[in-house]
Amino acid sequence: MDLLKEALANPVFGAAWTARGWVRTKRDMKSVVFVEVNDGSCMANLQCTFNREAGLPTEIEAELAKAVTGAAVVVEGTLAESPAAGQVCELAAKTIRVIGEAGAGYPLQKKRHSLEFLREMSHLRARTNTFGAVARVRSSLAFAVHAFFKERGFQYVHTPVITASDAEGAGAMFRVSADIAGPDGEKRPFFGRNAYLTVSGQLEAETYAMALSRVYTFGPTFRAENSNTARHLAEFWMIEPEAAFFELRDNMALAEDFIKFLLGTALEECGDDLAFFDKRIRPGLIDTLSAVVSSKFTHIPYTDAVAELGKNAGRFVFKPSWGFDLQSEHETFLTEEVARGPVIVTDYPASIKAFYMKMNDDGKTVRAMDVLVPRLGEIIGGSEREADLEKLEKRMKSLGMDTNAYSWYLDLRRYGSAPHSGFGLGFERLIQYVTGMVNIRDVIPYPRAVGQAAP
Ligand code: 4AD
Ligand code: MG
């Protein structure tokens with residue numbers, strides 16, 4: 001049972017073929033009926049042509065009448081060269097069976113629906129060109145993530161989803177709870193303490209990096225931030241490599257190679273889907289992605305970035321000022337006007353970064369790195385980690401953290417500590433970047449955000 005993708009890639013004209021999929025459109029004319037069938041394996045539909053010139057059997061006419069947009073069909077025929085523009089191959093159809101009717105109530109009747117409308121239809125939207133393409137790009141890049149790390153000796157570690165530690169020290173965590181019965185039948189908290197959905201697998205990945213040298217995690221992460229923007233989700237997927245004996249410079253090189261590898265894979269494997277995004281969603285997309293693959297990312301320390309922004313302070317609503325996080329208007333300026341491409345900003349003030357980052361000798365900045373890209377801003381956040389026990393404990397205490405709760409994490413610095421670094425790539429931000437989709441809720445099958453948890 002072949003998928004459409006295979007038949008269309010190397011069509012054997014004259015060969016018998018069976019199409020199984022869903023009707024996208026039907027054009028019913030006097031002498032011919034065209035049924036466009038798609039099975040989601042690729043962007044293209046297969047045009048199934050029913051020739052009526054010599055008359056069609058009544059059973060087939062009856063099935064054709066039911067073969068409306070959205071119906072599931074099985075069509076048998078032979079592959080033939082297509083006279084129509086824009087397609088090489090069609091199916092000279094002999095029989096059709098409607099195995100799942102759709103009818104007039106099928107919500108996706110129009111050729112084009114707005115993304116807002118489709119956001120209310122997350123269970124059906126994968127049947128549209130746009131969301132089918134997003135799903136294929138997502139799948140292709142998920143495989144590419146594993147291929148990239150496998151080639152480079154990184155081992156895949158499954159870090160927990162439920163955790164008692166706040167990896168980012170930011171407190172935006174969802175609590176996880178359930179009651180169980182104690183010995184006297186009284187209700188007890190399942191974990192015996194507060195537990196949460198993880199905001200990052202980093203801390204646990206670090207423990208494995210200090211044993212296996214190079215590891216990565218790739219899983220769902222959760223943030224209970226009240227941010228209703230086009231680039232924040234409450235549940236998103238993150239890829240987090242962590243490598244022992246890597247310093248910031250190595251980490252930056254890894255991140256740059258990683259992004260280029262992923263964009264290169266998309267260009268190679270998802271040509272038709274990207275061509276669609278280029279035409280319908282973001283003109284120039286393919287040229288931009290190709291240019292990034294062969295570019296060199298710009299590197300700029302935070303302090304220099306703030307100075308550069310300061311020269312153009314008049315253009316910003318938030319005046320750039322040392323010690324404050326970069327606002328999205330600043331990120332836009334740096335990527336779109338200063339670098340005209342991806343930028344890696346390093347050495348941020350310690351006060352705006354997480355507790356685990358390695359302190360620089362100036363005592364004010366940390367070995368952080370954010371990779372910013374045009375139109376999205378931050379796509380990667382990472383750092384070299386503080387490997388010195390005393391310095392790390394001091395920093396945690398100054399932030400009011402309970403060092404006892406993190407004693408397992410501090411053990412990495414007590415026993416066989418070594419320089420190590422890592423980063424997190426937000427998978428949905430990557431998919432936004434690659435597809436040109438504007439809203440992050442449109443690049444994950446079932447978006448979870450403030451006020452949205454179903455279906
Ligand atoms: O910068 P963040 O918070 O870094 C960490 O979590 C580190 N522990 C990573 C590490 O060093 N191992 O998040 C990393 C990336 C961001 O750059 C962004 O791409 C994505 O995760 N991200 C989100 N994506 C969607 N929705 C959100 N609410 C996101 N928050 C972060
Ligand atoms: Mg960040």
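We count ligands from 1, going down the list as the structure has it; atoms in each ligand are counted the same way.
Numbered from 1 in the order shown, with element, the atoms of ligand 1 that lie under 4.0 Å from a heavy atom of S200 read 6 (O), 8 (N). Residue G382 has at least one heavy-atom neighbour below 4.0 Å for each of these atoms of ligand 1: 11 (O). Close approach of ligand 1 to E225 (heavy-atom distance below 4.0 Å) involves ligand atoms 28 (N). The G426 neighbourhood of ligand 1 comprises atoms 15 (C), 19 (O), 20 (C), 21 (O), with distances under 4.0 Å to a heavy atom of that residue. Atoms of ligand 1 found under 4.0 Å from any heavy atom of F423, numbered from 1 in the order shown, are 9 (C), 10 (C), 11 (O), 12 (N). The contact set between ligand 1 and G381, taken as ligand atoms under 4.0 Å from a residue heavy atom, comprises 1 (O), 9 (C), 10 (C), 11 (O), 17 (O). Heavy-atom proximity to I440, at under 4.0 Å, picks out these atoms of ligand 1: 25 (C).
Ring centers of F297 and H299: at least 6.0 Å apart, outside the cut-off. Aromatic pair F324/F318: ring centres not closer than 6.0 Å. The ring of Y216 has its center closer than 6.0 angstrom to the ring center of F149. In this structure, H330 has its ring center closer than 6.0 angstrom to the ring center of F316. Separation of the F174 and Y196 ring centroids does not fall under the 6.0 Å cut-off. Between Y356 and Y409, the distance from one ring center to the other does not fall under 6.0 angstrom.
Taking any N or O of H232, backbone or side chain, none lies under 3.5 Å from an N or O belonging to ligand 1. In terms of polar-atom proximity, defined here as any N/O pair under 3.5 Å, I379 does make such a contact with ligand 1. Here's the thing with P241: none of its N/O atoms is less than 3.5 angstrom from an N/O atom of ligand 1. In terms of polar-atom proximity, defined here as any N/O pair under 3.5 Å, Q202 does make such a contact with ligand 1.
Nearest protein heavy-atom contact of atom 28 (N) of ligand 1 is L233 O, 3.0 Å. Given atom 7 (C) of ligand 1, the protein heavy atom at minimum distance is E168 OE2, 3.2 Å. Atom 1 (O) of ligand 1 has as its closest protein heavy atom E378 OE2, 2.9 Å. Closest to atom 12 (N) of ligand 1, if we only count protein heavy atoms, is E240 OE2, 2.7 Å. Scanning the protein heavy atoms around atom 18 (C) of ligand 1, the nearest turns out to be R429 NH1, 3.5 Å. Annotation: atom 11 (O) of ligand 1 to nearest protein heavy atom, R385 NH2, 2.9 Å. At the shortest separation from atom 3 (O) of ligand 1 among protein heavy atoms lies R223 NH1, 2.8 Å. Scanning the protein heavy atoms around atom 15 (C) of ligand 1, the nearest turns out to be G424 O, 3.5 Å.
For the 3.5 Å distance criterion, the side chains of S290 and D287 fail to qualify, holding no donor opposite an acceptor. With hydrogens and angles left out, the side-chain atoms of R280 and N129 include no donor and acceptor closer than 3.5 Å. If you check the side chains of N194 and R175, you find no donor sitting under 3.5 Å from an acceptor.
Between E428 and R441, the closest side-chain pair of non-hydrogen atoms is not below 4.5 Å. Between E240 and F218 there is no side-chain heavy-atom pair separated by less than 4.5 Å. At a threshold of 4.5 Å between non-hydrogen side-chain atoms, the residues I162 and T198 do not count as touching. Y348 is not listed as a side-chain neighbour of K364, based on a closest heavy-atom distance of 4.5 Å or more.
Contacts of R231 with ligand 1, taken as heavy-atom pairs under 4.0 Å, involve the backbone alone. Residue I380 touches ligand 1 through its backbone alone, judged by heavy-atom distances below 4.0 Å. Only the side chain of F236 comes within 4.0 Å of ligand 1, counting heavy atoms alone; its backbone N, CA, C and O stay farther away. For E242, no heavy-atom contact with ligand 1 is shorter than 4.0 Å. Residue contacts with ligand 1, taken as heavy atom pairs separated by less than 4.0 Å, involve Y356 solely via side-chain atoms from C-beta onward.
In plain terms, the two heavy atoms of S417 and A387 that are nearest each other are OG-O, 2.6 Å.
One finds no salt bridge joining E329 and R315 here, because no Lys/Arg side-chain nitrogen approaches an Asp/Glu carboxylate oxygen to under 4.0 Å.
Figure legend: R188 and F191 shown without cation-pi pairing, the cationic atom not lying both under 6.0 angstrom from the six-membered ring centre and within 45 degrees of its axis.
Judged by the shortest distance from any of its heavy atoms, A167 lies outside the 4.0 Å radius around the atoms of ligand 1.
Here D370 fails the criterion, with no N, O or S atom under 2.8 Å of the Mg ion (ligand 2).
The minimum distance between the Mg ion (ligand 2) and any N, O or S atom of E378 involves atom OE2.
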